[in-house]
Amino acid sequence: MARRVAVITGANKGIGLAIVKGLCKAGYSGDVLLTARNEKLGLEAVEQVKAEGFKNVLYHRLDICDQGSCSELKKFLEKNYGGLDVLVNNAGIAFKVDATEPFGEQAEVTMRTNFWGTLWVCHALYPLLRPNARVVNVSSFVSKRSLDKCSPELQAKFRSTEISEEELCLLMGEFVAAAQSGEHEAQGWPNSAYGTTKIGVTVLSRIQARVLNETRPSDGIILNACCPGWVRTDMAGPKALKSPEEGAETPVYLALLPEGVKEPHGQIVWDKTVQEW
Ligand code: NDP
């Protein structure tokens, strides 16, 4: 039988690194691929995990904003494992609250990583998902807060159980265009670039779970979005409430849901609890 493998994106630090360690501590019975866009930082992180006694951790480069990099990883997985068992889409960015870049630029840059980058990883790697695979898309509670600030029309679209990936992509593009022309609030969008990109990640997860139900109904693949909570990392700063290890708990729980479970699936989960969308 082919060796099992888990892929974590943006895992050189923060919550991603804690997810790698969390999977190892839980005794993940396969290789854990710690991916990062910066090779030096990725290799250093692998050494750190190995120094804690976990030998089944390997580095592979992945810049989620580079489709060539996504397909390199796909080829590596195909050649060495013949499939994929766990995917945690963790990589993400956020501008600081005091950032001076114009809002339109912040929207475009944040969307490129958090939404488009995540989507490109999914497009490259989903064909490799083996039966009983687990996919975790790291979104945020900010996605729900931002959804509640959208116009009723946008809220209805984002809560629809029929919205397609193409429609979602168009909406994410419309947000960036509106942000660049300064009209996003007039058009019913929230005033948060990060929050809107994470609406994209949560809705994408709902769509992907639905598509899996339709296309691979007997394969037992479970896919969810999650929020790690407010976590002390470079992104959120030292005042946040949770340690990276605590932030990793929900993503690790979802990544290791045992074979045969049917739920949660297509949900947004935090503190290991399904949240209303
Ligand atoms: P960090 O800033 O500590 O880590 C982000 C990670 O993502 C880094 O490894 C970074 O790599 C990587 N990354 C960014 N862009 C890319 C890219 N193009 N390709 C590959 N990797 C990339 O943030 P956190 O650990 O806090 O965040 C992890 C996830 O959790 C994010 O999706 C975030 O939105 C989400 N989240 C975090 C919360 C918090 O309170 N911290 C709350 C809710 C959600 P590099 O070091 O090279 O920049």
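As the structure is a prediction and not an experimental result, all values here were calculated from the model. Order of listing sets the numbers, starting from 1, for every ligand and every atom in it. Residue numbers count from 1 along this sequence.
When each atom of ligand 1 is checked for a heavy atom of C65 under 4.0 Å away, the hits are 18 (N). Close contacts of ligand 1 with D234, meaning ligand atoms under 4.0 Å from a residue heavy atom, involve 3 (O). Close contacts between ligand 1 and D63 involve ligand atoms 17 (C), 18 (N), 19 (N) [criterion: under 4.0 Å to a heavy atom].
Regarding atom 40 (O) of ligand 1, its nearest protein heavy-atom neighbour is V231 N, 2.7 Å. Annotation: atom 47 (O) of ligand 1 to nearest protein heavy atom, R37 NE, 2.9 Å. In terms of protein heavy-atom proximity, atom 9 (O) of ligand 1 is closest to N12 OD1, 2.7 Å. Of the protein's heavy atoms, G10 O, 3.6 Å lies nearest to atom 6 (C) of ligand 1. At the shortest separation from atom 25 (O) of ligand 1 among protein heavy atoms lies I15 N, 2.9 Å. Nearest to atom 19 (N) of ligand 1 among the protein's heavy atoms is I64 N, 3.0 Å. For atom 4 (O) of ligand 1, the closest heavy atom belonging to the protein is K13 CE, 3.7 Å. Scanning the protein heavy atoms around atom 24 (P) of ligand 1, the nearest turns out to be T233 OG1, 3.6 Å.
With hydrogens and angles ignored, the 3.5 Å screen pairs a side-chain donor or acceptor of Q106 with a backbone N or O of E101. For the pair S143 (side chain) and G195 (backbone), a donor-acceptor distance under 3.5 Å is absent. Side chain of S69 to main chain of D63: a donor-acceptor pair is present (N/O by atom type, distance under 3.5 Å, no hydrogens or angles). Q187 places no side-chain N or O within donor-acceptor distance of the main-chain N or O of H184, the cut-off being under 3.5 Å.
Between atom 31 (C) of ligand 1 and the options D66, T113, V138, N90, the minimum heavy-atom separation is to N90. In the candidate list P244, P228, A91, A18, A91 is nearest to atom 13 (N) of ligand 1, counting heavy atoms. With atom 42 (C) of ligand 1 as the reference point, the heavy atom nearest to it among G229, S140, A236 is part of G229. With atom 20 (C) of ligand 1 as the reference point, the heavy atom nearest to it among L17, I93, L62, L41 is part of L62. Remark: among candidates Y194, F141, W230, the nearest residue to atom 36 (N) of ligand 1 is Y194, based on non-hydrogen atoms.
The pair K13-D234 meets the salt-bridge criterion, with a side-chain N (NZ, NE, NH1 or NH2) lying under 4.0 Å from an Asp/Glu carboxylate O. A salt bridge is defined here as a Lys NZ or Arg NE, NH1 or NH2 lying under 4.0 Å from an Asp or Glu carboxylate O, and E78 with K75 fails to meet this definition. Note on D31 versus K55: no salt bridge recorded, every NZ/NE/NH1/NH2 to OD/OE distance being 4.0 Å or above. E52 and K21 are joined by a salt bridge, as a carboxylate oxygen and a charged side-chain nitrogen come within less than 4.0 angstrom of each other. Salt bridge K157/E153: absent, no basic N to carboxylate O contact under 4.0 Å.
Remark: distances from the non-hydrogen atoms of G117 to ligand 1 are all 4.0 Å or more. Under the 4.0 angstrom criterion for non-hydrogen atoms, S139 is in contact with ligand 1.
In K198, the part holding a heavy atom less than 4.0 Å from any atom of ligand 1 is the side chain.
For ligand 1, the polar-atom distance check finds no N/O of G14 at less than 3.5 Å from any of the ligand's N/O atoms.
Residues L77 and L33 meet the side-chain proximity criterion, which asks for heavy atoms closer than 4.5 Å.
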Stepwise salt bridge (charged side-chain N to carboxylate O under 4.0 Å, His left out) check, D148 with R159: CA-CA 11 Å; D148 292 338; R159 290 200 171 100; 3.2 Å; yes
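In this structure, H60 and F76 have tilted ring planes: the angle between them lies in the 30° to 60° band.
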